[in-house]
Structures are given as structure tokens and as C-alpha cells.
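One structure below.
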Amino acid sequence: MAQTFDMVVIGSGPGGYVCAIRGAQLGLKVAVIEREHLGGICLNWGCIPTKALLRSAEVFHLMHRAKEFGLSADKIGYDLPAVVQRSRGVAKQLAGGVGHLLKKNKVTVIMGDATLTAPGKISVKTDKGTEEVTGKAIVVATGARARELPGLEPDGKLVWNYKHALNPPHMPKKLLVIGSGAIGIEFASFFNTLGAETTVVEVMDRVLPVEDAEISALAKKQFVKQGMKIMEKAAVKKLDRAGNKVTAHIEIGGKTETHEFDTVISAVGIVGNVENLGLEKLGVKIDRTHVVTDEYCGTGVPGLYAIGDVAGAPWLAHKASHEGVMVAELIAGQKPHPIKPNSIPGCTYCNPQVASVGLTEEKAKAAGYEVKVGRFPFIGNGKAIALGEPEGLVKTVFDAKTGELLGAHMVGAEVTELIQGYVVGRTLETTEAELMETVFPHPTLSEMMHESVLSAYGRAIHF
Ligand SMILES: Cc1cc2nc3c(=O)[nH]c(=O)nc-3n(C[C@H](O)[C@H](O)[C@H](O)COP(=O)(O)OP(=O)(O)OC[C@H]3O[C@@H](n4cnc5c(N)ncnc54)[C@H](O)[C@@H]3O)c2cc1C
């Protein structure tokens with residue numbers, strides 16, 4: 001007999017498990033079906049293990065700067081397997097925590113591969129056979145995987161995807177990273193800091209192409225200073241693999257150059273896990289590799305929702321979780337607000353860090369806004385100098401007519417922890433006047449957020 005639930009969630013990533021817990025909190029009988037690992041990509045192969053690796057790189061980098069701080073550190077080195085082991089341990093700890101949270105909230109976990117067979121009906125292939133499950137509402141939270149381009153397919157030895165890069169078979173000496181979005185640039189930053197001679201190829205006209213152009217340019221300056229080679233408006237057309245070498249054919253400025261590497265990381269985007277779920281049969285629309293949804297994550301099929309990476313950009317864990325909460329509340333009969341795309345922050349944990357929310361200056365102008373722009377450099381901030389982190393910028397973009405904070409863009413130390421201040425501001429629909437009235441603690445990096453706002457109105461004190 002089929003097990004029956006109020007809500008069945010397919011996938012236990014940050015979209016799925018958060019949705020399940022919120023549903024259970026609201027009194028729904030909930031099941032989560034997961035085919036591989038609780039916690040999804042984020043906890044096992046994404047956000048968390050990458051941050052653990054990057055922390056090792058950061059400590060290593062700081063150890064090299066010991067003298068600057070009046071300290072000494074001899075024989076600075078690293079043990080890559082130990083660095084990776086720590087990262088895997090952190091991922092395991094957190095994925096275990098998800099199992100505990102689901103149990104505590106009395107969510108039924110079914111380990112197996114789910115396919116929708118009819119509206120409200122799911123067939124799950126488990127180790128023990130096939131189970132039938134029914135749900136009054138079903139939430140597809142099946143996530144995404146690395147995109148593969150023809151000729152650049154990862155092989156796990158010479159050419160890696162993010163999973164290989166998180167558990168690398170060797171330390172690259174000469175590394176090519178294809179793609180300078182968040183995933184590509186974080187790996188470039190990690191391996192470059194550990195000493196790999198790193199080249200980044202980006203098809204767009206700048207690295208971190210979704211960020212504000214000024215922020216991208218400042219980040220690039222730092223990457224180059226750290227020894228990275230950046231090739232923009234460039235495309236890797238072919239990889240010839242022979243022995244321990246890869247020859248990359250790179251199209252740049254109308255010519256094709258060839259360069260040799262011992263390792264390539266392909267970070268050319270992701271594709272949604274939409275296959276073999278029975279979605280098309282139910283009439284769900286798929287646009288390329290993502291489920292088409294409305295602002296409430298509805299698929300158009302009554303009782304069937306899609307959240308997180310499988311439902312399209314931005315491919316971020318916090319977007320997935322926020323959608324999960326909203327959909328659970330909707331299913332439980334509440335009236336949640338739809339997520340505002342321009343209030344979803346984006347963070348990249350390379351060195352220097354990059355963080356942003358809302359419209360870039362360029363996009364705000366293109367949208368017809370007359371803008372006021374504030375800028376405050378790290379060099380003008382006492383805490384940044386004390387930390388030994390004088391490079392960076394906090395940029396704010398306001399609607400000149402209403403004072404609405406349209407966007408905020410930062411590059412520099414710890415900005416991924418700072419951006420949330422502006423995100424709260426946007427949620428509260430704040431204007432420049434309230435931000436200027438706000439008291440910021442001293443000495444903190446957050447004072448630059450205040451100064452940037454002041455600067456937009458010609459009132460910055462320290463610059
Ligand atoms: C290297 C890397 C670094 C990243 N860093 C960050 C970061 O710093 N910050 C950030 O916000 N985002 C980051 N991301 C993106 C983030 O991981 C994703 O946005 C997030 O995991 C999406 O959550 P999700 O719940 O939609 O899907 P996922 O986390 O992908 O989870 C989907 C789950 O569904 C399961 N599943 C799929 N199909 C089925 C099926 N048919 N039956 C049963 N189960 C199924 C999968 O096994 C998986 O566990 C990173 C991604 C990568 C790859």
C-alpha cells in the first residue's frame with residue numbers, strides 16, 4: 001500500500017530539507033525522498049566543502065604574511081590530502097546534522113530515486129525494491145549538476161568538474177580554470193593560493209561577469225597581483241589530452257592560441273536535474289534544463305511545485321531555502337510573500353571576497369533610473385588597516401529621485417559577512433535617510449557601509 005503524506009519533497013538539498021522542516025513545523029505530514037546524500041550539493045559538494053578548502057588557503061596565505069604582523073612562521077607548507085580530509089569532514093558533519101533535524105521534526109526520509117507517475121503519485125526505487133508514495137502536494141527540489149561542454153568533458157584525471165576539484169587526485173602545477181563565475185573563481189583562488197600557476201579563461205568581457213563592472217575590475221586587479229593569468233573575451237575550443245598534459249586551444253582576439261596545462265577545471269555552469277522525473281508527462285514546462293515556475297514556484301500543474309536550482313537562476317542555496325519555506329507555507333494554507341529576485345544576495349569567497357545585492361550601476365541605468373552612487377575604499381577604514389586588508393571597495397547605488405537603495409556591491413575582506421546589512425535594508429525598503437541615521441559600531445568594516453551611503457550624498461567623513 002502506498003504511504004500517504006500531505007507534502008512529499010523530492011531532494012534533500014537546502015531547498016528540499018528546509019521545505020520539509022517548515023512543512024512539518026506547520027503540522028503537515030511530510031516525506032523527503034533522496035537518492036544520494038542528505039543535504040544535497042550544497043552541504044556535500046558545494047557551498048560548505050568549498051568554504052572549508054578556502055579557509056585552509058586563507059590561513060596558509062596569512063601564515064606567509066606572518067612577518068607583517070610581527071610574527072614568525074617557518075617551514076610553511078601544506079598537506080593536500082589533510083586539507084581535503086578536513087573539508088570532507090566538515091561536509092559530513094553538516095550532512096549528518098540534516099538527518100538529525102529531519103528526524104527531530106518527524107519528517108519521513110525515504111532513500112531512493114523518485115519518479116512522478118501521475119498527479120500526486122511517486123514511485124521510488126530503493127535498495128529494497130519499488131515503493132509507491134502519494135502526496136497531496138509534491139515539491140520537486142532535485143537540484144542541478146555541472147554543465148559539460150562538448151570536447152571539454154571532465155575525466156576526473158586531467159579535466160575536473162567541481163566534484164573532482166573538491167577531492168583532487170593531485171595538486172595542479174599548471175592549472176586552467178574555464179569559467180570565472182563563483183565556482184570557477186573560488187577554485188582558481190584556492191589552487192592559486194596553494195601555488196598552482198593558474199590561468200582563468202572567461203568568455204564574457206570580464207571576470208565575475210554578473211557583478212558590477214567596477215567590482216569585477218578591482219577583483220581582477222587583485223587576482224593578477226596574486227599571480228593569476230586572466231584571459232577575458234576568450235573561449236576554450238578544444239582540449240587535447242595526452243599523457244599527463246592537456247593542450248588547450250583558446251580563441252582570443254580573433255586568433256587561436258595553444259597553451260599546455262597539467263589540470264583543467266571546467267566551471268561552465270550547471271544544468272537542472274529534470275530528467276527521468278516524469279515531469280513532461282504531467283505537462284510541466286521545461287525551459288532548456290529548468291522547470292518553468294511562477295512567482296510562487298507553481299509549475300502550472302495543481303499541487304506540484306519546483307524550488308531551488310532545478311527551478312532556475314540564481315543557483316544559490318539561500319534562494320533554494322527561501323523558496324522552500326515559501327512553498328511549505330503556501331501548502332499549509334498560509335499566504336507567504338513571493339521572493340523578490342533583486343533582494344537575493346550573491347557571495348563569492350575568493351580572495352578578495354565579493355558580495356552584492358540588487359542592481360548594478362549599469363543595470364540600474366539601463367532600467368531607466370537616475371542614480372546616485374556612493375563609494376568607500378577599504379584604505380579609509382581603521383579596522384581594514386588594522387586587519388592588514390586595505391584593498392577593497394563598498395559601492396552603493398541609489399535611486400536619485402526616491403533615495404531607494406537599488407543595489408550594493410563590495411569587494412574586499414569579509415564582505416560576504418557584511419552584505420546582509422544592506423539586504424535587511426532592502427527588505428525594509430530603506431532609503432538613504434535611514435541608512436545615514438543608523439549608528440554603525442567603531443571600529444568595524446561595517447562603517448564603510450555607512451560611509452558609502454554618505455558618499456553617495458557628498459557627506460563621507462573619512463575619504
Ligand atoms: C562547488 C560549488 C560551490 C557552491 N557554493 C555556493 C555558495 O557558497 N553559496 C551558495 O548559495 N550556493 C553555492 N553553490 C550552489 C548551491 O550548492 C546550490 O544552489 C544548492 O545546493 C541548491 O539547492 P537545491 O536544494 O536546489 O539542490 P541540491 O543541493 O542540488 O539538492 C538536490 C538533491 O536532490 C536529489 N535528487 C535529484 N534527483 C532526485 C530524484 N529523482 N529522486 C531523489 N532525489 C533526487 C539529489 O541527490 C540532491 O541531493 C555552490 C555549488 C557548487 C557546485
Side-chain angles (χ1 to χ4, degrees), residues 206 208 210-219 314 316 318-319 322 337-348 352-387 389-463:
R206 57 197 166 86
L208 293 164
V210 300
E211 299 297 341
D212 187 276
E214 214 172 331
I215 300 295
S216 288
L218 285 169
L316 294 167
H318 41 281
K319 175 255 191 188
H322 202 89
H337 295 293
I339 193 165
K340 290 184 194 149
N342 271 333
S343 291
I344 304 171
C347 295
T348 308
Q353 294 184 357
V354 173
S356 59
V357 65
L359 297 177
T360 61
E361 182 180 355
E362 201 179 359
K363 283 205 175 134
K365 284 180 180 160
Y369 288 102
E370 188 192 319
V371 297
K372 270 193 187 294
V373 176
R375 289 179 184 82
F376 195 83
F378 272 50
I379 191 77
N381 176 263
K383 181 72 182 292
I385 304 295
L387 291 177
E389 300 288 352
E391 304 281 354
L393 180 75
V394 177
K395 175 171 176 178
T396 41
V397 182
F398 289 91
D399 178 348
K401 290 204 181 99
T402 64
E404 182 191 351
L405 175 67
L406 298 173
H409 309 275
M410 307 186 192
V411 56
E414 302 303 337
V415 296
T416 57
E417 294 294 339
L418 295 180
I419 193 70
Q420 192 56 17
Y422 286 136
V423 182
V424 172
R426 278 190 55 78
T427 303
L428 299 177
E429 295 177 359
T430 192
T431 63
E432 90 293 357
E434 289 146 330
L435 287 168
M436 286 198 256
E437 280 299 309
T438 305
V439 181
F440 285 73
H442 175 76
T444 61
L445 297 174
S446 74
E447 287 171 282
M448 290 185 284
M449 297 168 67
H450 193 211
E451 292 270 20
S452 177
V453 177
L454 293 173
S455 128
Y457 292 85
R459 287 181 44 183
I461 303 288
H462 294 95
F463 203 75

>> Working note: Asn381 + His462, criterion side chain to side chain contact (heavy atoms under 4.5 Å, CB included); need CA distance, chi angles, decisive distance, verdict.
In response: CA-CA 8 Å; Asn381 176 263; His462 294 95; over 6 Å; no
>> With side chain to side chain contact (heavy atoms under 4.5 Å, CB included) as the criterion, how do Asn342 and Leu359 come out once you've worked through the C-alpha distance, each side chain's angles and the decisive distance to 0.1 Å?
In response: CA-CA 7 Å; Asn342 271 333; Leu359 297 177; 3.8 Å; yes
> Checking side chain to side chain contact (heavy atoms under 4.5 Å, CB included) for the pair Leu208/Ile215: CA distance, chi angles, key distance, verdict?
Replying inline: CA-CA 9 Å; Leu208 293 164; Ile215 300 295; over 6 Å; no
>> Determine whether Ser455 and Phe376 satisfy the following criterion, side chain to side chain contact (heavy atoms under 4.5 Å, CB included), listing intermediate values before the conclusion.
In response: CA-CA 7 Å; Ser455 128; Phe376 195 83; 5.5 Å; no
> Which is it for His409 and Glu211 under the side chain to side chain donor-acceptor pair (under 3.5 Å) test, yes or no, and what are the steps along the way?
Replying inline: CA-CA 8 Å; His409 309 275; Glu211 299 297 341; 4.8 Å; no
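Closest approach of Ser216 and Arg206 over heavy atoms only: OG-NH1, 2.9 Å. Residue Thr360 comes nearest to Val210 through the heavy atom pair CG2-O, 4.1 Å, listed as atom of the first residue, atom of the second, then distance. Nearest heavy atom pair, residue Ala364 against residue Val397, reads CB-CG1, 4.0 Å. The nearest pair of heavy atoms linking Val453 to Met436 is CG1-CG, 3.8 Å. In terms of heavy atoms, Ile379 sits closest to Ile385 at O-CD1, 3.5 Å. In plain terms, the two heavy atoms of Arg426 and Leu405 that are nearest each other are NH1-O, 2.7 Å.
Rounding to the nearest 0.5 Å gives a distance of 4.0 Å between CD1 of Ile419 and CE of Met410. Taking CG of Leu387 as the reference point, atom CG of Leu445 lies at 5.5 Å (rounded to 0.5 Å). Note: Thr396 OG1 to Met448 CE = 12.5 Å, rounded to the nearest 0.5 Å. Within the model, atoms CG of Leu418 and CD of Gln353 stand 8.5 Å from one another, a figure rounded to the nearest 0.5 Å.
Using a distance-only test at 3.5 Å, with no hydrogens or angles considered, no donor-acceptor pair links the side chain of Ser343 to the main chain of Ile339. Remark: the backbone N or O of Met449 is paired with a side-chain donor or acceptor of Tyr422 at under 3.5 angstrom. In this structure a side-chain-to-backbone donor-acceptor pair under 3.5 Å is missing from Asp399 to Leu406. Within the 3.5 Å criterion, the main-chain N or O of Val394 finds a donor-acceptor partner in the side chain of Ser452. Checked by atom type and distance alone, the side chain of Glu361 never pairs as donor or acceptor with a backbone atom of Asp212 at under 3.5 Å. Put simply, the side chain of Glu451 never gets that close to the backbone of Ala460: no donor and acceptor are under 3.5 Å apart. In terms of modelled atom types and a separation under 3.5 Å, the side chain of Thr416 and the main chain of Cys347 share no donor-acceptor contact.
Here the side chains of Phe463 and Leu454 are not in contact, with every heavy-atom distance at 4.5 Å or above.
The 12-atom threshold is exceeded at CD of Glu434, counting heavy atoms of other residues, nucleotides or ligands nearer than 6.0 Å.
Between Glu432 and Arg459, no side-chain nitrogen of the basic residue sits less than 4.0 Å from a carboxylate oxygen of the acidic one, so the salt-bridge criterion is not met. Electrostatic pairing of Lys340 and Glu429 counts as a salt bridge here, judged by a charged N lying under 4.0 Å from a carboxylate O.
Note on ring orientation: taking the six-membered ring where Trp is involved, the planes of Phe440 and His450 are parallel (angle under 30°, cut-offs 30° and 60°).
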